[in-house]
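Each remark here refers to the structure printed beneath this line.
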Protein chains: 2
Amino acid sequence: MAINKSLLSGSTTLLILKLLEDKDMYGYQMIEVLTNRSDNTFSLKAGTLYPLLHNLEHQGMINSYDENTDSARVRKYYSITKKGKGMLAEKQNEWKAYTSFVNRILHGGVNFAKVN
Amino acid sequence: MAINKSLLSGSTTLLILKLLEDKDMYGYQMIEVLTNRSDNTFSLKAGTLYPLLHNLEHQGMINSYDENTDSARVRKYYSITKKGKGMLAEKQNEWKAYTSFVNRILHGGVNFAKVN
DNA sequence: TTCCATATATAGATTATCTACATATATATA
DNA sequence: TATATATATGTAGATAATCTATATATGGAA
């Protein structure tokens, strides 16, 4: 399997799809969850997330629906589609392959003995 | 520790510095080694590598010297500097922190129970 | 009422990587 | 011998992911 170059930077998509696999969420909530789960070391910026969500929806990976709470405020929830689940599986494999590769370089191991 | 955003895409620098920690190498050789170690799934492009090497040298992370073989061909070898080793240590920590975070999202675990 | 948190959105800048091209030598093959 | 392929380094311009900055609007707290 060739490693998709977009993964090198694009792990944000992987994270978003994974969150939505668990449950429907709205954008601001995703930012909060990711910040909390990383102990505040990682924070996805709103200016990164919203265009990404629009793009994923355009590609048919996720769907959106407005949820009217009792107040005037409207939250835009997203759900993952079947196609999106396929993309998630793919990106998870790529993530695993790429991190295995980098870790092999960083820590050596059986393949490190290979002649160069 | 806040995760340096440049790591999300910039793991190439980490790989290069790690290779040079082991031994001096020339550019084309780095490309070959990384390709081989990844079982041909990853290939760093020359157009990516050479500007990156020039940049790292400009920053004082690596030094270069020409090695004249008996033939007319000249290979440009690079060695890592003390400063470069510092950068390598930093980037290794960031790599570890970021991959731990993503893996926590992907696989759940103790911190997964946190309330959102 | 004023400030901060919540919530979504877009424009423009930055940066890493890519493709494509250029140059030159070494080696293998037709 | 000629020609293609591998080795080796380099730059220019394009693409894509993310960022900062800005805009808008509501809810709640000081």
Side-chain angles (χ1 to χ4, degrees), chain A residues 2-17 24-36 40 42-59 62 64-78 91 94-95 98 102 116, chain B residues 2-17 24-36 40 42-59 62 64-78 91 94-95 98 102 116:
Chain A
I3 296 172
N4 188 340
K5 276 298 152 44
S6 72
L7 181 72
L8 310 189
S9 47
S11 47
T12 302
T13 298
L14 169 62
L15 292 170
I16 296 310
L17 292 176
D24 292 5
M25 295 180 76
Y26 57 96
Y28 195 83
Q29 186 184 12
M30 298 176 198
I31 291 172
E32 284 187 305
V33 169
L34 292 176
T35 300
N36 291 337
N40 298 297
F42 176 85
S43 77
L44 182 58
K45 301 302 179 298
T48 304
L49 178 62
Y50 291 110
L52 176 57
L53 289 173
H54 302 161
N55 190 41
L56 286 172
E57 187 175 24
H58 184 73
Q59 294 173 68
I62 59 179
S64 69
Y65 57 93
D66 288 340
E67 191 181 80
N68 289 50
T69 53
D70 46 355
S71 67
R73 167 157 295 172
V74 176
R75 284 171 176 164
K76 197 170 186 177
Y77 276 81
Y78 290 91
K91 285 195 168 286
E94 288 168 10
W95 168 262
Y98 185 65
V102 174
N116 310 307
Chain B
I3 295 173
N4 187 340
K5 275 299 153 45
S6 72
L7 181 71
L8 310 190
S9 48
S11 47
T12 302
T13 298
L14 169 63
L15 292 171
I16 296 310
L17 291 176
D24 293 4
M25 293 180 76
Y26 56 97
Y28 194 83
Q29 186 184 13
M30 298 176 197
I31 291 172
E32 284 188 304
V33 169
L34 292 176
T35 299
N36 291 337
N40 298 297
F42 176 84
S43 78
L44 181 58
K45 301 304 179 297
T48 304
L49 179 62
Y50 291 110
L52 176 57
L53 288 173
H54 302 161
N55 190 41
L56 286 172
E57 187 174 23
H58 184 74
Q59 293 172 70
I62 59 179
S64 69
Y65 56 94
D66 288 340
E67 191 181 79
N68 290 50
T69 52
D70 46 356
S71 68
R73 165 157 297 170
V74 176
R75 283 170 176 163
K76 197 169 184 177
Y77 277 81
Y78 289 91
K91 284 195 169 287
E94 288 168 9
W95 168 261
Y98 184 65
V102 174
N116 310 308

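Per chain, numbering begins at 1; letters A, B, ... match sequence-line order. Not measured: the values here are computed from a predicted model.
Here D/dA16 presents its C1' atom at 16 Å from NE2 of A/His58, a figure rounded to the nearest Å. The OH atom of A/Tyr50 sits 16 Å away from the P atom of D/dT20 (whole-angstrom rounding). If you take CG of B/Leu14 and P of C/dT17, they are 11 Å apart, rounded to a whole angstrom. Rounded to whole Å, atom P of D/dG10 lies 13 Å from atom CG of B/Leu56. In this structure, the CE atom of A/Met25 is 11 Å from the P atom of C/dT8, given to the nearest Å. Atom P of nucleotide C/dT10 and atom CG of A/Leu49 are separated by 12 Å, given to the nearest angstrom. Separating the CG atom of B/Leu53 from the P atom of D/dT9 is a distance of 9 Å, rounded to the nearest angstrom. The nearest whole Å value for the distance from the CG atom in A/Leu15 to the P atom in D/dA17 is 15 Å.
A perpendicular orientation is assigned to the rings of A/Tyr98 and B/Trp95, their planes being inclined by more than 60° (bins at 30° and 60°).
Close to C/dA16, at under 4.0 Å from its OP1 or OP2, lies no side-chain N or O of B/Thr48. For D/dA17, the OP1/OP2 oxygens have no side-chain nitrogen or oxygen of A/Lys45 closer than 4.0 Å.
Between C/dT19, C/dT6, D/dC19, one nucleotide has an atom nearer to the side chain of A/Glu32 than all others, and that is C/dT6. Closest to the side chain of A/Tyr26, from the set C/dT8, D/dT11, C/dC18, is C/dT8. Considering only the side chain of B/Tyr78, D/dG10 comes nearest among C/dC18, D/dG10, D/dT9. The nucleotide whose nearest atom lies closest to any side-chain atom of B/His54 is, among D/dT11, C/dC18, C/dT8, D/dT11. Side-chain atoms of A/Pro51 lie closest to C/dT10 of the nucleotides D/dC19, D/dT11, C/dT10. If you check D/dT9, C/dA9, C/dC18 against the side chain of B/Tyr28, the one that comes closest is D/dT9. With distances taken from any side-chain atom of A/Thr12 to the nucleotides D/dT9, D/dT7, D/dT18, the minimum falls on D/dT18. In this structure, of C/dT6, D/dA8, D/dG10, it is C/dT6 that holds the atom nearest to the side chain of A/Arg75. When each of D/dA8, D/dC19, C/dT8 is scored by its nearest atom to the side-chain atoms of A/Leu44, the top-ranked nucleotide is D/dC19.
For the pair B/Met25 and B/Val33, the minimum side-chain heavy-atom distance is below 4.5 Å.
Residue A/Phe42 holds its CZ atom at 5.0 Å from OG1 of A/Thr12, rounded to the nearest 0.5 Å. Annotation: the span from A/Ile16 atom CD1 to A/Leu53 atom CG amounts to 6.0 Å, rounded to 0.5 Å. Atom CG of B/Leu15 is separated from atom CG of B/Leu44 by 8.0 Å, given to the nearest 0.5 angstrom.
Base pairing annotation: C/dA30 forms a Watson-Crick or G-U wobble pair with D/dT1, both donor-acceptor distances under 3.5 Å.
Nucleic acid contact class of B/Gly27 (heavy atoms, under 4.0 Å, all strands): sugar-phosphate only.
Nearest approach of A/Asp66 to A/Lys76, heavy atoms of both residues: OD1-CG, 3.6 Å.
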